[in-house]
2 protein chains.
Amino acid sequence: MTYHHGDLRHALIDAALDLLAETQRWDFSLREVARRAGVSHNAPYAHFPDKNALLAAVGVRGYERLRGATVAAAEGCQTAAQALVAIGRAYITFGLGNVAHYRLMFGQALAVDGQMPEPIRAAAAAARGLLREIILRGARDGSFSVDPDNGDDIAGAVMSAWSLVHGFTLLAIDGLTSRETELEADRLIDLILLRMMKGLASKDA
Amino acid sequence: MTYHHGDLRHALIDAALDLLAETQRWDFSLREVARRAGVSHNAPYAHFPDKNALLAAVGVRGYERLRGATVAAAEGCQTAAQALVAIGRAYITFGLGNVAHYRLMFGQALAVDGQMPEPIRAAAAAARGLLREIILRGARDGSFSVDPDNGDDIAGAVMSAWSLVHGFTLLAIDGLTSRETELEADRLIDLILLRMMKGLASKDA
DNA sequence: ACCTGAACACCGTTCAAGT
DNA sequence: ACCTGAACACCGTTCAAGT
């Protein structure tokens, strides 16, 4: 049994995903991943230039899954406003359900020389594009106060929505959300999504 | 020269802060910190139970600095609305000016068993308290649509404001903010803060 | 109490070698 | 092309020992 599988690259990513889910951390060792995949500790170097490259591939998987979850949530929504809330809720749920994976997607682990690798930047741009579509839809049907012809205005709306949901997800993961009242997590999510919508809503909506 | 300084604990934290600023990363080694402080590689264990404890102490320093920067920004502001915008801007500026420190304050590096250590939780609670005060002030003078007697409502407003600013800071650090238009960073900050304020503002403001 | 030096079980990465 | 085993320069942490 010389070659364990036709696709060790794929097997390594899967092993890393398993470790992510099991340990709830992304600081596992490359050697541990290799062990899981049943190969020697440096077989990964035949498929990835270094550990960072493997992590980046795993990170891209995260963006794909997140996109899948949010797109699915938006389907069947009548209005743009409903779709945006559904996306926000699905986004937060994904983060809280995949803590380590979500952290990896955005953390310093993927950054090289202070910059995210290109595949991650592309995935993030796609995520912004998804949000942009919804917001433009809402701008055209009058539910959002966004000028569809003003690129800055759109970018501001997109980034404010993403920032709020992203920030909340991370604070919730870190356990740094409000504990003042015995507020249930779901209720708090409702409340912050309400504020997000209010920030985008047009006055006559 | 047996004891290098009366306060090695302090010296180690300073050395770590130096490394943070120089390398722009928080994944330096404990041994490197010891080297910087001019002591053997395990002298730190006389002052910290493990590496995590040193990082936590450095993280707390970050919260203190961040608090100092935001409190200073709020001083001299006439209205609660102005104060909140000033705080938001100072917050983002701090994050972008102390990338590694900011990432450390919230990242997995400090988490043990999926939970942030108590000193960090306390610092975060203090940060929420600061926001809460401003928001309550704005609620009483009528500039924010927050019910001062409804704890949930307050918590929702606090978390939505913090989430937005926190999320934006991290996305900007990661370089994942909009690049569609040739939007300047400062302009984008203005736009997202505007959306934040709109999410909090009362209709008659 | 505070620090040192040796030691242990790990890393990521490289290299020569095997098929 | 794909994988192995030995090797290198590191880690975090522990332990016995020194003042």
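Throughout, protein chains are lettered first and strands after them, A, B, ... in sequence-line order, and every chain is numbered starting at 1.
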Contacts of B/Asp14 that satisfy salt bridge (charged side-chain N to carboxylate O under 4.0 Å, His left out) - sequence neighbours left out: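 Testing B/Asp14 for salt bridge (charged side-chain N to carboxylate O under 4.0 Å, His left out), a comparison that skips the adjacent residues, returns B/Arg61.
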Contacts of type salt bridge (charged side-chain N to carboxylate O under 4.0 Å, His left out), residue B/Asp141, not counting sequence neighbours: none
Closest contact, heavy atoms only, B/Ala124 versus B/Trp162: CB-CH2, 4.0 Å
Smallest separation among heavy atoms of B/Arg128 and A/Leu176, with atom names: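 For B/Arg128 and A/Leu176, the tightest heavy-atom pair comes out as NH1-O, 2.6 Å.
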Closest to the B/Leu8 side chain, choosing from C/dC3, C/dT13, D/dT4: C/dC3
Distance (rounded to the nearest 0.5 Å) between B/Ile120 CD1 and B/Phe106 CZ: 9.0 Å
Inter-residue atom distance A/Leu20.CG - A/Asp27.CG, 0.5 Å rounding: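 If I round to the nearest 0.5 Å, the distance is 10.0 Å.
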Members of residues 25-35 of chain B that approach DNA chain D, where some heavy atom sits under 4.0 Å away: B/Ser29, B/Leu30, B/Arg31, B/Arg35
Where do N or O atoms of nucleotides 14-17 of chain C meet protein N or O atoms at under 3.5 Å, pair by pair?
| residue | atom | partner | partner atom | Å |
| --- | --- | --- | --- | --- |
| C/dT14 | O4 | A/Asn42 | ND2 | 2.7 |

Sequence-distant partners of B/Lys198, side chain to side chain donor-acceptor pair (under 3.5 Å), two or more places apart: A/Ser145
Test of understanding: with side chain to side chain contact (heavy atoms under 4.5 Å, CB included), list the residues that count as partners of [X], not counting sequence neighbours.
{"X": "B/Tyr45", "result": "B/Leu30, B/Asn42"}
{"X": "A/Thr79", "result": "A/Ala81, A/Gln82"}
{"X": "A/Glu133", "result": "none"}

Watson-Crick and G-U pairing of DNA chain C, under 3.5 Å, as dot-bracket with | and [ ]: ||.|||||...|||||.||
Please list every donor-acceptor pair under 3.5 Å in which a side-chain atom of residues 63-73 of chain B meets a protein atom from a residue at least two apart or in another chain.
| residue | atom | partner | partner atom | Å |
| --- | --- | --- | --- | --- |
| B/Tyr63 | OH | B/Met105 | O | 3.3 |
| B/Arg67 | NH1 | B/Ala126 | O | 3.3 |
| B/Thr70 | OG1 | B/Leu66 | O | 3.0 |
| B/Thr70 | OG1 | B/Arg67 | O | 3.0 |

Those residues of residues 104-113 of chain A lying under 4.0 Å from DNA chain C by at least one heavy atom: none
Plane angle bin for A/Phe94 and A/Tyr102 - parallel if under 30°, tilted between 30 and 60°, otherwise perpendicular: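 Rings of A/Tyr102 and A/Phe94: perpendicular, as their planes differ by over 60°.
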Rounded to whole angstroms, how far apart are [atom1] on [X] and [atom2] on [N]?
{"X": "B/His47", "N": "C/dC2", "atom1": "NE2", "atom2": "C1'", "result": "6 Å"}
{"X": "A/Lys51", "N": "C/dC10", "atom1": "NZ", "atom2": "P", "result": "15 Å"}
{"X": "A/Phe48", "N": "D/dA1", "atom1": "CZ", "atom2": "C1'", "result": "16 Å"}

Sequence-distant partners of B/Phe168, ring pair (Phe, Tyr, Trp, His ring centres under 6.0 Å), two or more places apart: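 Applying ring pair (Phe, Tyr, Trp, His ring centres under 6.0 Å) to B/Phe168 gives none.
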